[in-house]
Amino acid sequence: QSTELHCQTISEIDEFKISIEQNLDIDELSKNPVLEAQKSDSILNSIDQNGDELFEAKFYHLLGKLNAEKGNFSVALEYFNTAEEYRTDSAFSDFFIHNLLDRGNLYFKNKDLAAAEKDYQTALSLGNNMGLEPSMAIAFNNLGLIELNRSNFEIANGLFYDALGIRQK
């Protein structure tokens, strides 16, 4: 069951990438990933979204990742938050776990360990509910890094072992 979901997700990611690449110059967007709201709305309206109900959330997530790579913390955070606003009980996908992990990474890099921990815990919980062990392993690992930063070595070690145990299945 989880293998089918994983394959479906890869297909959805590929369709999203194809749509983006057909309509945008990714290299140009990477150079200047800060878009005014009117510009991002215009881009979204011009792209064939192939019926993907999460297309807009994925687009904002992409902008968040591009801005994070450029070091634009506040802009990246705004885009990740916008993508998160699309998460509902009826429109849920493992995509949102990745958004939480990426936003958590942004918080972690900027030393906001409490916010990073909250996102990683939420990602872990959602991953557990969906049976997505790879996402759970990432969340356990990242929570371990937080505890390592807090000098809680035994807790960190336990979390790293939890991640390793999942990966070795």
Trainee: Would Leu62 end up clustered with Leu77 when hydrophobic side chains under 4.5 Å apart are linked, directly or stepwise?
Mentor: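 In one cluster with Leu62: Leu77, no.
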Trainee: On a heavy-atom basis, which atom in Pro33 and which in Asn72 lie closest, and how many Å separate them?
Mentor: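 The pair with the smallest heavy-atom distance is CG-ND2, 4.5 Å.
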Trainee: Can you get from Phe80 to Phe55 by hopping between Ile, Leu, Val, Met, Phe, Trp and Tyr side chains that sit under 4.5 Å apart?
Mentor: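 Different hydrophobic clusters.
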Trainee: Measure centre to centre between the rings of His61 and Tyr79, then say whether the value is under 6.0 Å.
Mentor: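 No; Tyr79 has its ring centre 6.0 Å or more from that of His61.
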Trainee: Might you point out which heavy atoms bring Gly64 and Ala76 nearest each other, and give the distance in Å?
Mentor: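 Minimum heavy-atom contact is O-CB, 3.3 Å.
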Trainee: What pairs with Arg150 under salt bridge (charged side-chain N to carboxylate O under 4.0 Å, His left out), at least two apart in sequence or on another chain?
Mentor: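 Scan of Arg150 (salt bridge (charged side-chain N to carboxylate O under 4.0 Å, His left out), adjacent residues dropped) gives Glu117, Glu147.
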Trainee: Can you name the residues that form a ring-ring contact (aromatic ring centres under 6.0 Å, His included) with Tyr107, not counting sequence neighbours?
Mentor: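 In terms of ring-ring contact (aromatic ring centres under 6.0 Å, His included), with neighbours along the sequence ignored, Tyr107 is linked to no residue.
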Trainee: I need the Asn99 CG to Thr82 OG1 distance, nearest 0.5 Å.
Mentor: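 So the CG of Asn99 and the OG1 of Thr82 are separated by 9.5 Å.
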Trainee: Under 4.5 Å between any side-chain heavy atoms of Met136 and Ile97, yes or no?
Mentor: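 With C-beta onward as the side chain, the pair stays apart.
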Trainee: Shared ILVMFWY cluster between Ile166 and Tyr161, side chains joined below 4.5 angstrom?
Mentor: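 Shared cluster, no.
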Trainee: After noting the C-alpha distance and the side-chain angles of Leu126 and Gln121, does the key distance pass the side chain to side chain contact (heavy atoms under 4.5 Å, CB included) rule?
Mentor: CA-CA 9 Å; Leu126 294 173; Gln121 288 286 0; over 6 Å; no
Trainee: Just wondering, do Leu101 and Asn142 contact through their side chains at under 4.5 Å, heavy atoms?
Mentor: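 Yes, at least one pair of side-chain atoms sits under 4.5 Å.
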Trainee: Quick one: pull up CG in Leu159 and CG in Asn152 and give me the separation to the nearest 0.5 Å.
Mentor: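 Atom-to-atom, Leu159:CG and Asn152:CG are 10.0 Å apart.
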Trainee: Can you find a pair of side-chain heavy atoms, one from Leu66 and one from Lys70, that are under 4.5 Å apart?
Mentor: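 No, too far: nothing below the 4.5 Å cut-off.
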Trainee: Can you establish whether the number of heavy atoms outside Glu78 located under 6.0 Å from its atom CD is more than 12?
Mentor: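 No, because the 6.0 Å sphere around CD of Glu78 holds 12 heavy atoms or fewer from other groups.
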Trainee: Of the non-hydrogen atoms in Ile146 and Leu113, which two are nearest, and what is the gap between them?
Mentor: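 It is CD1-O, 3.9 Å.
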Trainee: For Phe59, check ring-ring contact (aromatic ring centres under 6.0 Å, His included) against everything at least two apart and list the hits.
Mentor: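 Phe59 satisfies ring-ring contact (aromatic ring centres under 6.0 Å, His included) with no other residue.
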Trainee: Ignoring hydrogens, what is the shortest heavy-atom contact between Gly144 and Ala156? Give both atom names and the distance.
Mentor: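 Between these two residues, the closest heavy atoms are O-CB, 3.4 Å.
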Trainee: Any side-chain heavy atom of Leu106 within less than 4.5 Å of one from Lys109?
Mentor: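 Contact flag for Leu106/Lys109 side chains = no.
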Trainee: Go through the structure and list residues passing side chain to side chain contact (heavy atoms under 4.5 Å, CB included) with Asn141, not counting sequence neighbours.
Mentor: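 For Asn141 the side chain to side chain contact (heavy atoms under 4.5 Å, CB included) partners, ignoring immediate neighbours, are Leu145, Phe160, Ala163, Arg167.
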Trainee: For His98 and Asp94, work out which heavy atoms get closest and say how close.
Mentor: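 Shortest heavy-atom separation between His98 and Asp94 comes out as CD2-O, 3.1 Å.
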Trainee: Say whether Val75 and Phe73 are linked into one hydrophobic cluster, either directly or through other cluster members, by side-chain heavy-atom distances under 4.5 angstrom.
Mentor: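 No, separate clusters.
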Trainee: Are any of the side-chain heavy atoms of Tyr120 and Phe108 separated by less than 4.5 Å?
Mentor: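 Yes, at least one pair of side-chain atoms sits under 4.5 Å.
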Trainee: Same hydrophobic cluster for Ile155 and Phe153, using side-chain heavy-atom links shorter than 4.5 Å among ILVMFWY?
Mentor: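 The answer is yes; both residues are in one hydrophobic cluster.
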Trainee: How about Tyr60 and Asn81: does a side-chain donor come under 3.5 Å of a side-chain acceptor?
Mentor: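 There is no such pair (donor and acceptor under 3.5 Å, judged by atom type) between the side chains of Tyr60 and Asn81.
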Trainee: Holding to salt bridge (charged side-chain N to carboxylate O under 4.0 Å, His left out), I want the full list of residues that pass it with Asp162, two or more places apart in sequence or in another chain.
Mentor: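 Scan of Asp162 (salt bridge (charged side-chain N to carboxylate O under 4.0 Å, His left out), adjacent residues dropped) gives none.
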Trainee: What pair of heavy atoms forms the shortest contact from Asp119 to Gly104, and how long is it?
Mentor: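 Taking every non-hydrogen atom into account, OD2-N, 3.5 Å.
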Trainee: Scan for side chain to side chain donor-acceptor pair (under 3.5 Å) pairs involving residues 126-135, sequence neighbours excluded, and state none if there are none.
Mentor: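 For residues 126-135, and leaving out neighbouring residues, the side chain to side chain donor-acceptor pair (under 3.5 Å) pairs sorted by first residue read Glu133-Lys169.
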Trainee: If you round to the nearest 0.5 Å, how far is CD1 of Ile138 from CG of Leu132?
Mentor: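 One gets 10.5 Å once the value is rounded to the nearest 0.5 Å.
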Trainee: Below 4.5 Å, heavy atoms only, C-beta onward: do Asp112 and Asn110 meet side chain to side chain?
Mentor: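 Sidechains of Asn110 and Asp112: no contact.
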